[in-house]
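Have a look at the structure below before the remarks.
Just so it is clear, the model here is predicted, and its values are computed rather than measured.
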Amino acid sequence: MSSSTSTPVFNSTKTWIWQGFPICYQTQGTSGSAVVLIHGFGASWGHFRKNIPVLAENFRVYAIDLIGFGASAKPKPGEEIAYTFEIWGRQIADFCRQVVGESAHLVGNSIGCIVAMQAAVDNPDIVSSVALLNCSLRLLHERKQAELPVYRRIGAPFLQRILSIKSVGEFFFNQIAKPKTVRSILLQAYPTGEAVTDELIDILMAPAKEPGAASVFLAFTAYSQGPLAEDLLPKLPCPAIILWGTADPWEPIELGREFAEFTQVRKFVPLEGIGHCPQDEAPELVNPILQDWILEVS
(Lines give C-alpha, C1' and ligand atoms only; values in the text may rest on other atoms or scores of the structure.)
Protein backbone atom coordinates (compact mmCIF):
# COMPACT_ATOMS: atom_id res chain seq x y z
CA MET A 1 0.00 0.00 0.00
CA SER A 2 1.19 3.46 -0.79
CA SER A 3 1.54 5.99 2.00
CA SER A 4 2.90 8.79 -0.13
CA THR A 5 1.04 11.86 -1.22
CA SER A 6 0.05 11.37 -4.85
CA THR A 7 -0.10 14.33 -7.19
CA PRO A 8 -3.84 14.97 -7.40
CA VAL A 9 -5.28 14.27 -10.85
CA PHE A 10 -9.03 14.77 -11.01
CA ASN A 11 -11.65 14.41 -13.66
CA SER A 12 -14.42 16.98 -13.79
CA THR A 13 -16.64 17.06 -10.73
CA LYS A 14 -20.04 15.40 -10.82
CA THR A 15 -23.47 16.70 -9.84
CA TRP A 16 -26.15 14.89 -7.87
CA ILE A 17 -29.61 16.44 -7.41
CA TRP A 18 -30.74 16.18 -3.82
CA GLN A 19 -34.13 17.54 -2.74
CA GLY A 20 -34.11 19.68 -5.87
CA PHE A 21 -30.66 21.18 -5.22
CA PRO A 22 -27.43 20.46 -7.15
CA ILE A 23 -24.77 18.82 -5.02
CA CYS A 24 -21.14 18.67 -6.15
CA TYR A 25 -18.96 15.61 -5.58
CA GLN A 26 -15.80 13.94 -6.83
CA THR A 27 -15.07 10.24 -7.15
CA GLN A 28 -12.08 8.01 -7.88
CA GLY A 29 -11.37 4.30 -7.64
CA THR A 30 -13.08 1.33 -9.22
CA SER A 31 -12.84 -1.45 -6.65
CA GLY A 32 -12.87 -2.14 -2.93
CA SER A 33 -14.98 -0.75 -0.14
CA ALA A 34 -16.81 2.56 -0.53
CA VAL A 35 -15.39 5.56 1.33
CA VAL A 36 -17.13 8.94 1.65
CA LEU A 37 -15.06 11.98 2.68
CA ILE A 38 -16.86 14.83 4.50
CA HIS A 39 -15.22 18.24 4.85
CA GLY A 40 -15.43 20.76 7.68
CA PHE A 41 -16.96 24.22 8.03
CA GLY A 42 -16.22 26.56 5.14
CA ALA A 43 -14.36 23.88 3.19
CA SER A 44 -15.22 21.56 0.29
CA TRP A 45 -14.25 18.23 -1.26
CA GLY A 46 -11.01 19.87 -2.37
CA HIS A 47 -9.77 19.72 1.20
CA PHE A 48 -9.29 15.98 0.56
CA ARG A 49 -7.44 16.38 -2.74
CA LYS A 50 -4.28 14.87 -1.21
CA ASN A 51 -6.14 11.84 0.12
CA ILE A 52 -8.46 10.86 -2.71
CA PRO A 53 -5.85 9.46 -5.15
CA VAL A 54 -4.05 7.46 -2.45
CA LEU A 55 -7.22 5.96 -0.97
CA ALA A 56 -8.51 5.25 -4.49
CA GLU A 57 -5.68 2.77 -4.97
CA ASN A 58 -7.63 0.38 -2.73
CA PHE A 59 -11.15 1.79 -2.40
CA ARG A 60 -13.97 3.49 -4.26
CA VAL A 61 -13.67 7.02 -2.94
CA TYR A 62 -16.29 9.75 -2.94
CA ALA A 63 -15.78 13.30 -1.65
CA ILE A 64 -18.88 15.46 -1.35
CA ASP A 65 -19.63 19.15 -0.84
CA LEU A 66 -22.21 19.49 1.90
CA ILE A 67 -25.19 21.61 0.92
CA GLY A 68 -24.30 25.24 1.62
CA PHE A 69 -20.60 24.72 0.96
CA GLY A 70 -18.14 24.29 -1.90
CA ALA A 71 -19.78 24.11 -5.31
CA SER A 72 -23.04 22.70 -3.92
CA ALA A 73 -26.21 24.79 -3.80
CA LYS A 74 -26.56 27.42 -1.09
CA PRO A 75 -30.32 27.78 -0.53
CA LYS A 76 -31.59 30.47 1.84
CA PRO A 77 -31.28 29.45 5.51
CA GLY A 78 -34.58 29.07 7.28
CA GLU A 79 -36.58 29.60 4.09
CA GLU A 80 -35.47 26.86 1.72
CA ILE A 81 -33.51 24.69 4.13
CA ALA A 82 -32.28 24.51 7.73
CA TYR A 83 -28.52 24.09 8.07
CA THR A 84 -28.38 21.49 10.83
CA PHE A 85 -26.49 18.27 11.43
CA GLU A 86 -29.70 16.32 10.99
CA ILE A 87 -30.07 17.77 7.46
CA TRP A 88 -26.43 17.15 6.56
CA GLY A 89 -26.61 13.65 8.01
CA ARG A 90 -29.65 12.96 5.83
CA GLN A 91 -27.76 14.29 2.80
CA ILE A 92 -24.90 11.85 3.42
CA ALA A 93 -27.27 8.92 3.99
CA ASP A 94 -29.19 9.66 0.79
CA PHE A 95 -25.91 10.04 -1.09
CA CYS A 96 -24.80 6.60 0.06
CA ARG A 97 -28.10 5.07 -1.03
CA GLN A 98 -28.58 6.91 -4.32
CA VAL A 99 -25.03 7.45 -5.59
CA VAL A 100 -22.69 5.08 -3.76
CA GLY A 101 -25.28 2.32 -3.80
CA GLU A 102 -24.20 0.63 -0.56
CA SER A 103 -22.93 1.24 2.94
CA ALA A 104 -19.72 3.25 3.20
CA HIS A 105 -16.89 4.12 5.53
CA LEU A 106 -17.34 7.78 6.44
CA VAL A 107 -14.30 10.01 7.02
CA GLY A 108 -14.94 13.47 8.46
CA ASN A 109 -12.89 16.48 9.46
CA SER A 110 -14.05 19.00 12.10
CA ILE A 111 -17.83 19.44 11.78
CA GLY A 112 -17.70 16.75 9.11
CA CYS A 113 -17.15 14.32 12.00
CA ILE A 114 -20.46 15.33 13.57
CA VAL A 115 -22.16 14.96 10.19
CA ALA A 116 -20.68 11.47 9.76
CA MET A 117 -21.82 10.37 13.20
CA GLN A 118 -25.29 11.86 12.73
CA ALA A 119 -25.64 9.97 9.45
CA ALA A 120 -24.55 6.74 11.13
CA VAL A 121 -26.83 7.11 14.16
CA ASP A 122 -29.89 7.93 12.05
CA ASN A 123 -29.11 5.43 9.28
CA PRO A 124 -27.23 2.39 10.66
CA ASP A 125 -27.66 0.49 7.39
CA ILE A 126 -25.54 2.81 5.28
CA VAL A 127 -22.42 3.26 7.46
CA SER A 128 -19.70 0.63 7.91
CA SER A 129 -17.39 2.72 10.11
CA VAL A 130 -16.47 6.31 10.90
CA ALA A 131 -13.05 7.96 11.00
CA LEU A 132 -12.99 11.27 12.86
CA LEU A 133 -10.18 13.74 12.12
CA ASN A 134 -10.00 16.46 14.77
CA CYS A 135 -13.67 16.25 15.63
CA SER A 136 -15.43 19.53 16.33
CA LEU A 137 -16.07 19.99 20.05
CA ARG A 138 -18.77 22.57 19.23
CA LEU A 139 -17.63 24.99 21.93
CA LEU A 140 -20.25 27.54 20.83
CA HIS A 141 -23.03 25.07 21.65
CA GLU A 142 -25.41 26.40 24.29
CA ARG A 143 -24.58 23.48 26.60
CA LYS A 144 -20.85 24.10 26.20
CA GLN A 145 -21.19 27.83 26.84
CA ALA A 146 -22.41 27.11 30.37
CA GLU A 147 -18.96 25.64 31.12
CA LEU A 148 -17.00 28.62 29.77
CA PRO A 149 -15.52 31.49 31.84
CA VAL A 150 -18.04 34.26 32.44
CA TYR A 151 -16.52 36.67 29.89
CA ARG A 152 -16.70 34.03 27.15
CA ARG A 153 -20.12 32.83 28.28
CA ILE A 154 -21.45 36.36 27.74
CA GLY A 155 -19.31 37.27 24.75
CA ALA A 156 -20.19 34.38 22.45
CA PRO A 157 -24.00 34.86 22.49
CA PHE A 158 -23.52 38.63 22.18
CA LEU A 159 -21.36 38.17 19.09
CA GLN A 160 -23.91 35.76 17.63
CA ARG A 161 -26.70 38.29 18.14
CA ILE A 162 -24.66 41.08 16.54
CA LEU A 163 -23.82 38.93 13.53
CA SER A 164 -27.49 38.03 13.11
CA ILE A 165 -28.09 41.65 12.02
CA LYS A 166 -27.90 41.21 8.26
CA SER A 167 -25.85 44.29 7.41
CA VAL A 168 -23.38 43.65 10.24
CA GLY A 169 -23.09 39.96 9.45
CA GLU A 170 -22.47 40.52 5.75
CA PHE A 171 -19.86 43.18 6.52
CA PHE A 172 -18.09 40.78 8.88
CA PHE A 173 -18.17 37.97 6.30
CA ASN A 174 -16.77 40.22 3.59
CA GLN A 175 -13.91 41.24 5.88
CA ILE A 176 -12.81 37.68 6.60
CA ALA A 177 -13.44 36.36 3.07
CA LYS A 178 -10.21 37.90 1.81
CA PRO A 179 -7.06 35.99 0.83
CA LYS A 180 -4.87 37.73 3.41
CA THR A 181 -7.34 37.00 6.23
CA VAL A 182 -7.89 33.42 5.10
CA ARG A 183 -4.14 32.85 5.02
CA SER A 184 -3.81 34.22 8.55
CA ILE A 185 -6.56 31.91 9.81
CA LEU A 186 -5.02 28.92 8.05
CA LEU A 187 -1.62 29.58 9.61
CA GLN A 188 -3.33 29.12 12.99
CA ALA A 189 -4.96 25.87 11.91
CA TYR A 190 -1.78 24.55 10.20
CA PRO A 191 1.07 24.98 12.71
CA THR A 192 3.75 23.71 10.30
CA GLY A 193 2.64 26.30 7.74
CA GLU A 194 4.00 24.36 4.78
CA ALA A 195 0.58 23.28 3.50
CA VAL A 196 -0.82 26.83 3.47
CA THR A 197 -0.45 27.38 -0.26
CA ASP A 198 -2.09 29.64 -2.81
CA GLU A 199 -3.89 26.55 -4.10
CA LEU A 200 -5.47 25.92 -0.69
CA ILE A 201 -6.52 29.56 -0.34
CA ASP A 202 -8.11 29.45 -3.79
CA ILE A 203 -10.01 26.27 -2.85
CA LEU A 204 -11.48 27.98 0.21
CA MET A 205 -12.01 31.39 -1.39
CA ALA A 206 -13.87 30.36 -4.54
CA PRO A 207 -17.11 29.20 -2.81
CA ALA A 208 -17.09 32.30 -0.57
CA LYS A 209 -17.67 34.45 -3.64
CA GLU A 210 -20.87 32.63 -4.61
CA PRO A 211 -24.34 34.06 -3.89
CA GLY A 212 -25.67 32.78 -0.59
CA ALA A 213 -22.28 31.95 0.93
CA ALA A 214 -22.49 34.74 3.53
CA SER A 215 -25.96 33.68 4.63
CA VAL A 216 -24.85 30.07 5.15
CA PHE A 217 -21.79 31.21 7.10
CA LEU A 218 -23.86 33.40 9.39
CA ALA A 219 -26.56 30.77 9.85
CA PHE A 220 -24.00 28.29 11.11
CA THR A 221 -22.29 30.77 13.44
CA ALA A 222 -25.70 31.29 15.06
CA TYR A 223 -26.34 27.53 15.37
CA SER A 224 -25.92 26.68 19.06
CA GLN A 225 -28.15 23.63 19.22
CA GLY A 226 -28.04 20.15 17.73
CA PRO A 227 -25.88 17.21 18.77
CA LEU A 228 -22.51 17.18 20.46
CA ALA A 229 -19.93 14.50 19.73
CA GLU A 230 -20.44 13.02 23.19
CA ASP A 231 -24.15 12.66 22.43
CA LEU A 232 -23.54 10.70 19.24
CA LEU A 233 -20.53 8.53 20.10
CA PRO A 234 -22.36 6.19 22.51
CA LYS A 235 -25.13 5.69 19.94
CA LEU A 236 -22.84 4.77 17.04
CA PRO A 237 -23.89 1.50 15.38
CA CYS A 238 -20.39 0.98 13.94
CA PRO A 239 -16.73 1.13 14.99
CA ALA A 240 -14.84 4.42 15.06
CA ILE A 241 -11.25 5.62 14.87
CA ILE A 242 -10.19 9.10 15.97
CA LEU A 243 -7.13 10.97 14.67
CA TRP A 244 -6.21 14.24 16.36
CA GLY A 245 -3.49 16.78 15.67
CA THR A 246 -1.86 17.64 18.98
CA ALA A 247 -1.29 21.27 17.94
CA ASP A 248 -4.92 22.02 17.04
CA PRO A 249 -5.56 25.55 18.35
CA TRP A 250 -9.36 25.27 18.09
CA GLU A 251 -10.22 21.76 19.25
CA PRO A 252 -7.81 20.90 22.11
CA ILE A 253 -6.64 17.31 22.10
CA GLU A 254 -6.85 17.27 25.90
CA LEU A 255 -10.63 17.46 25.55
CA GLY A 256 -10.67 15.19 22.53
CA ARG A 257 -8.90 12.39 24.41
CA GLU A 258 -12.04 11.93 26.49
CA PHE A 259 -13.73 10.50 23.39
CA ALA A 260 -11.36 7.52 23.50
CA GLU A 261 -13.30 6.26 26.54
CA PHE A 262 -16.37 5.40 24.46
CA THR A 263 -16.56 1.70 23.63
CA GLN A 264 -17.27 2.40 19.96
CA VAL A 265 -13.85 4.07 19.60
CA ARG A 266 -11.35 1.34 18.78
CA LYS A 267 -8.36 3.59 18.25
CA PHE A 268 -7.32 7.11 19.21
CA VAL A 269 -4.27 8.31 17.29
CA PRO A 270 -2.50 11.56 18.26
CA LEU A 271 -0.61 13.25 15.42
CA GLU A 272 2.30 15.15 16.96
CA GLY A 273 2.67 18.79 15.98
CA ILE A 274 -0.22 18.71 13.51
CA GLY A 275 -3.16 21.11 13.57
CA HIS A 276 -6.86 21.11 12.83
CA CYS A 277 -6.84 19.66 9.29
CA PRO A 278 -4.45 16.69 9.39
CA GLN A 279 -5.69 15.20 6.12
CA ASP A 280 -4.34 18.26 4.30
CA GLU A 281 -1.42 19.23 6.52
CA ALA A 282 0.00 15.72 6.96
CA PRO A 283 -1.50 13.36 4.36
CA GLU A 284 1.64 11.22 4.54
CA LEU A 285 0.59 10.35 8.11
CA VAL A 286 -3.16 10.22 7.65
CA ASN A 287 -3.46 8.24 4.42
CA PRO A 288 -1.79 5.01 5.60
CA ILE A 289 -3.72 5.10 8.89
CA LEU A 290 -7.01 5.42 7.01
CA GLN A 291 -6.02 2.70 4.54
CA ASP A 292 -5.16 0.25 7.32
CA TRP A 293 -8.30 1.14 9.29
CA ILE A 294 -10.72 0.64 6.39
CA LEU A 295 -9.10 -2.67 5.42
CA GLU A 296 -9.25 -3.81 9.05
CA VAL A 297 -12.96 -3.12 9.54
CA SER A 298 -14.16 -3.98 6.03
Side-chain angles (χ1 to χ4, degrees), residues 13-26 36 38-47 63-99 108-119 121-123 126 136 138-145 156-178 181-182 203-228 231-232:
T13 55
K14 301 179 183 299
T15 300
W16 165 57
I17 303 301
W18 180 67
Q19 297 191 2
F21 299 109
I23 301 297
C24 176
Y25 71 97
Q26 176 65 253
V36 176
I38 309 169
H39 62 80
F41 179 58
S44 64
W45 74 261
H47 220 178
I64 188 171
D65 286 352
L66 295 173
I67 192 165
F69 297 110
S72 287
K74 298 168 182 63
K76 292 181 181 179
E79 296 181 28
E80 298 176 280
I81 199 168
Y83 290 100
T84 67
F85 289 109
E86 289 80 6
I87 291 293
W88 286 318
R90 190 180 310 157
Q91 178 189 349
I92 296 301
D94 289 346
F95 182 76
C96 289
R97 293 190 179 103
Q98 297 174 23
V99 178
N109 172 228
S110 191
I111 69 162
C113 300
I114 307 293
V115 174
M117 289 192 285
Q118 185 73 63
V121 168
D122 291 344
N123 306 271
I126 58 89
S136 172
R138 301 208 61 206
L139 296 178
L140 285 178
H141 195 284
E142 57 189 13
R143 281 157 50 199
K144 292 286 189 178
Q145 289 180 18
F158 176 75
L159 179 61
Q160 288 174 315
R161 285 195 296 271
I162 290 294
L163 293 180
S164 69
I165 301 171
K166 185 177 180 181
S167 58
V168 176
E170 289 181 350
F171 176 80
F172 176 79
F173 178 80
N174 290 332
Q175 294 308 301
I176 65 172
K178 295 180 178 179
T181 306
V182 171
I203 286 171
L204 299 177
M205 284 293 302
K209 299 174 183 177
E210 294 186 3
S215 296
V216 176
F217 173 87
L218 296 169
F220 188 76
T221 59
Y223 180 41
S224 298
Q225 296 79 40
L228 294 168
D231 299 331
L232 296 169

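- Two residues are said to be in side-chain contact when any heavy atoms from C-beta on lie closer than 4.5 Å; Cys24 and Thr15 fail this criterion.
- Not a single donor-acceptor pair under 3.5 Å links the side chain of Asn123 to the backbone N or O of Ala93.
- Side-chain contact check for His47 versus Ile203: every heavy-atom pair is 4.5 Å or farther apart.
- At a threshold of 4.5 Å between non-hydrogen side-chain atoms, the residues Gln19 and Arg90 count as touching.
- Side-chain contact between Ile114 and Pro227 is present, with heavy atoms from C-beta onward closer than 4.5 Å.
- Asp65 places no side-chain N or O within 3.5 Å of a backbone atom of Ser44 that could act as its donor or acceptor partner.
- The minimum heavy-atom distance linking Ala119 with Gly89 is given by the pair CB-O, 3.5 Å.
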Side chain to side chain contact (heavy atoms under 4.5 Å, CB included) for Leu66 and Ser72? Distances and angles first, verdict last. CA-CA 7 Å; Leu66 295 173; Ser72 287; over 6 Å; no
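- The shortest non-hydrogen separation linking Ile111 to Phe85 is O-CE2, 3.7 Å.
- For residues 218-228, no residue pair satisfies the salt bridge (Lys or Arg N to Asp or Glu O under 4.0 Å) rule, not counting sequence neighbours.
- For the residue pair Gln118 / Trp88, no side-chain donor-acceptor distance below 3.5 Å is found, with atom types taken as modelled.
- Distance CD1/Ile92 to CZ/Arg97: 12.0 Å, rounded to 0.5 Å.
- When side chains are defined from C-beta on, His39 does not count as touching Ile64, because their heavy atoms never get closer than 4.5 Å.
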Could you walk me through whether Phe21 and Trp18 pass ring pair (Phe, Tyr, Trp, His ring centres under 6.0 Å), step by step? CA-CA 5 Å; Phe21 299 109; Trp18 180 67; 7.6 Å; no
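- The shortest non-hydrogen separation linking Ala213 to Pro207 is CB-O, 3.4 Å.
- Expressed to the nearest 0.5 Å, how far CE of Met117 lies from CG of Leu228 amounts to 9.5 Å.
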Just do the side chain to side chain contact (heavy atoms under 4.5 Å, CB included) check on Tyr25 and Thr13 with the steps written out, would you? CA-CA 6 Å; Tyr25 71 97; Thr13 55; over 6 Å; no
Applying side chain to side chain contact (heavy atoms under 4.5 Å, CB included), run through Ile38 and Val36 and close with a yes or a no. CA-CA 7 Å; Ile38 309 169; Val36 176; 4.2 Å; yes
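- Put simply, the residue from Phe41, Phe69, Tyr83 that forms a ring pair (Phe, Tyr, Trp, His ring centres under 6.0 Å) with Phe220 is Phe41.
- Taken from NZ in Lys74 to OG in Ser215, the straight-line distance is 11.5 Å, to the nearest 0.5 Å.
- At least one donor-acceptor pair under 3.5 Å links the side chain of Ser136 to the backbone N or O of Arg138.
- Closest non-hydrogen pair, Val182 versus Leu204, comes out as CG1-CD1, 4.3 Å.
- Between atom CD1 of residue Ile23 and atom CG of residue Asp94 there is a gap of 10.5 Å, rounded to the nearest 0.5 Å.
- The distance from atom CD of Gln26 to atom CH2 of Trp45, rounded to the nearest 0.5 Å, is 4.5 Å.
- Shown here for Ala177 and Ala208, the closest heavy-atom pair between the two residues is CB-CB, 4.2 Å.
- Of all the heavy atoms in Gly40 and Ser110, the pair that sits closest is CA-CB, 4.1 Å.
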